[in-house]
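Working notes, structure below.
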Amino acid sequence: MADPRPKTNLLGLSRAQLERFFAEWGEKPFRARQILQWVYQRGVTDFDAMTDLSRALRERLQAETEIIAPGVMSEHRSTDGTVKWIMALPGGSAVETVFIPEPDRGTLCISSQVGCMLNCTFCSTATQGFNRNLGAAEIIGQVWRAAEALGPDRRITNIVLMGMGEPLLNLDQVRPALELMRDDLAYGLAARRVTVSTSGVVPGIDALRDGPGVALAVSLHAPDDDLRTRLVPLNRKYPIEELLAACKRYLADKRPKQSITFEYTMIDGVNDRPEQARELLRVLAHVPSKINLIPFNPFPGTPFKCSSNNAIHRFQDVLRSGGMIATIRKTRGDDIDAACGQLVGKVLSASRRRAVVQEQLARQALA
Ligand code: SAH
């Protein structure tokens with residue numbers, strides 16, 4: 001009869017967690033290091049192929065553990081080289097993972113939750129509501145599966161947690177995944193090549209200070225609290241001043257020398273006026289910052305439109321002449337709905353999405 005106990009998925013366990021796991025089996029800590037290299041550096045999940053483990057250990061691992069990454073439900077390739085995968089999760093839900101190739105790097109954008117609780121009014125993920133947190137295996141498993149699908153010729157050099165969900169509301173599961181991204185025996189990425197993007201969860205930013213070093217991106221989108229609360233309702237709880245104080249605390253630690261990247265989605269007639277750029281300069285004057293302007297990506301049912309090219313460049317000019325590093329994010333993969341804020345995971349019909357947006361706006365109006 002099969003063992004009724006579920007097998008432990010070793011994927012997603014950090015080095016320290018794996019060492020503890022093997023210690024309980026009476027095995028030496030270096031077993032953890034061997035497993036990490038097999039799984040993340042060589043892409044091997046079959047214990048039989050792990051030839052530097054004893055036969056007895058391989059058999060026990062086979063019997064009691066497994067190494068399972070999310071499966072690919074579908075793969076979509078954009079004409080610009082961007083690849084989007086819909087990854088299947090147990091329980092029938094799905095998340096999206098996007099690979100964005102550039103001449104000098106390959107960035108993987110991964111999800112941390114199925115859906116999102118935050119209701120940012122310009123984001124399509126919000127329209128699907130919140131389903132659940134991803135486990136660490138499902139977070140790092142997106143990297144594992146993407147690396148497998150891309151093959152050895154296209155390397156993942158950067159990882160951004162900018163897909164579906166709010167990573168700092170799932171830090172318990174995000175943290176071991178970040179450790180594996182940084183660990184030399186796993187993906188070995190430098191701190192500046194792993195970015196956590198948050199809508200501004202202040203306690204999460206503080207909690208991240210004792211994790212592995214990573215770059216922080218903050219979704220700001222507005223220079224004042226009134227407007228930011230309309231775009232990012234979480235601002236009511238953690239207004240701009242508190243958010244920026246948390247950013248400074250984050251930078252004050254012994255991180256690699258860095259600044260915070262502030263993401264600013266450019267929405268026509270809402271947050272794209274030159275005086276708003278000037279206000280942004282004032283607000284960010286005391287935080288080492290870069291600003292990444294993101295052209296708004298429309299989705300069915302949204303009342304918002306993308307700022308004109310002119311408005312985006314004018315905004316950038318104001319920021320630059322104030323001494324700020326300001327870049328404009330190139331929109332990639334929009335022919336496959338892989339662009340920022342277009343990730344919906346479970347496919348909702350356009351009419352359902354429209355209805356959800358209407359509901360959201362009505363709730364906002366009442367709030
Ligand atoms: N919850 C995290 C990470 C996911 S969003 C966060 O808020 O940072 C990743 C980035 O895409 C955020 O800056 C988000 O504000 C932006 N974004 C969301 N919807 C967008 C849209 N429709 N067009 C352009 N950018 C969008």
Side-chain angles (χ1 to χ4, degrees), residues 95-98 100 107-130 133-134 139 142 158-171 174 177-178 194-202 204-205 208 214-222 227-235 237-238 243 246-247 250 260-268 270-272 289-307 312 315 327-334 337-345 353 356-357 360:
V95 287
E96 303 190 12
T97 307
V98 181
I100 306 143
T107 303
L108 191 72
C109 176
I110 64 173
S111 297
S112 55
Q113 298 180 315
V114 185
C116 191
M117 331 201 211
L118 289 181
N119 276 319
C120 299
T121 46
F122 58 93
C123 179
S124 81
T125 301
T127 62
Q128 82 170 79
F130 177 71
N133 281 328
L134 294 189
I139 299 169
Q142 294 169 66
N158 294 63
I159 298 174
V160 295
L161 278 81
M162 290 186 190
M164 295 163 62
E166 169 49 51
L168 296 187
L169 290 180
N170 184 19
L171 196 50
V174 164
L178 294 177
V194 177
T195 302
V196 170
S197 177
T198 178
S199 51
V201 181
V202 165
I205 295 174
L208 195 61
V214 293
L216 188 64
V218 172
S219 294
L220 194 61
H221 310 303
L227 179 56
R228 188 163 193 271
T229 296
R230 273 201 282 143
L231 298 174
V232 183
L234 183 71
N235 190 69
K237 199 157 177 195
Y238 307 116
L243 176 56
C247 291
Y250 190 78
I260 307 271
T261 300
F262 290 96
E263 295 155 286
Y264 195 101
T265 299
M266 298 296 293
I267 309 175
D268 181 45
V270 173
N271 62 356
D272 61 353
S289 327
K290 290 181 199 155
I291 299 182
N292 194 207
L293 302 174
I294 312 174
F296 172 70
N297 289 308
F299 52 91
T302 178
F304 295 127
K305 289 208 298 283
C306 184
S307 304
I312 297 177
F315 203 89
T327 50
I328 300 174
R329 187 179 292 175
K330 258 201 313 216
T331 293
R332 300 286 302 265
D334 55 352
D337 276 357
C340 307
Q342 289 186 322
L343 304 182
V344 182
R353 272 196 261 175
V356 177
V357 173
Q360 256 187 25

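All ligand and atom numbering here is 1-based and tracks the order in the structure.
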Closest heavy-atom contact between Val232 and Ser199?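 Taking every non-hydrogen atom into account, CG1-O, 3.9 Å.
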Identify the heavy atoms of Leu161 and Val196 that sit nearest to each other, and give their distance.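 That closest heavy-atom pairing would be CB-CA, 4.3 Å.
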Counting only heavy atoms, which portion of [X] has something under 4.0 Å from ligand 1: side chain, backbone, both, or neither?
X: Thr198; value: backbone
X: Met164; value: neither
X: Thr265; value: side chain

Mark up the atoms of ligand 1 that fall under 4.0 Å of a heavy atom belonging to [X], in ascending order.
X: Glu263; value: 10 (C), 12 (C), 13 (O)
X: Phe296; value: 21 (C), 22 (N), 23 (N), 24 (C)
X: Met162; value: 4 (C), 5 (S), 9 (C)
X: Cys123; value: 18 (C), 19 (N)
X: Pro295; value: 24 (C)
X: Asn297; value: 21 (C), 22 (N), 23 (N), 24 (C)

Looking only at distances, can you tell me whether any N or O atom of [X], backbone or side chain, sits closer than 3.5 Å to an N or O atom of ligand 1?
X: Glu166; value: yes
X: Phe122; value: yes
X: Phe299; value: no
X: Arg329; value: no

Check: [X] side chain, [Y] main-chain N or O, donor-acceptor pair, under 3.5 Å:
X: Thr198; Y: Gly200; result: yes
X: Thr125; Y: Gly115; result: no
X: Asn170; Y: Ser112; result: yes
X: Gln142; Y: Ser111; result: yes

Heavy-atom contact under 4.0 Å between Ala217 and ligand 1?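 Distance cut 4.0 Å: Ala217 fails for ligand 1.
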May I ask whether Pro298 places a heavy atom under 4.0 Å from ligand 1?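 It does not, in that no heavy atom of Pro298 comes within the 4.0 Å cut-off of ligand 1.
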Where the closest heavy atom to [atom] is concerned, which of [options] has it?
atom: atom 14 (C) of ligand 1; options: His221, Gln113, Met117; value: His221
atom: atom 7 (O) of ligand 1; options: Ser124, Gly163, Cys306, Ser219; value: Ser219
atom: atom 1 (N) of ligand 1; options: Ser197, Ser199, Gly165; value: Gly165

Please verify the inter-ring angle class for His221 with Tyr264; under 30° counts as parallel, over 60° as perpendicular, anything in between as tilted.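 The rings of His221 and Tyr264 sit tilted, inter-plane angle from 30° to 60°.
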Determine the sole option in Asp272, Asp268, Thr265 for which the side chain to side chain donor-acceptor pair (under 3.5 Å) test with Ser307 is passed.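 Single side chain to side chain donor-acceptor pair (under 3.5 Å) partner of Ser307 among Asp272, Asp268, Thr265: Asp272.
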Do Asn158 and Thr107 pass the side chain to side chain donor-acceptor pair (under 3.5 Å) test, and can you show the C-alpha distance, the side-chain angles, and the key distance before you say yes or no? CA-CA 5 Å; Asn158 294 63; Thr107 303; 4.6 Å; no
Go through the steps for Val174 and Ile139 under the test side chain to side chain contact (heavy atoms under 4.5 Å, CB included), then give the verdict. CA-CA 7 Å; Val174 164; Ile139 299 169; 3.9 Å; yes
Non-hydrogen side-chain atoms of Val214 and Tyr250 separated by less than 4.5 Å: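 Contact flag for Val214/Tyr250 side chains = yes.
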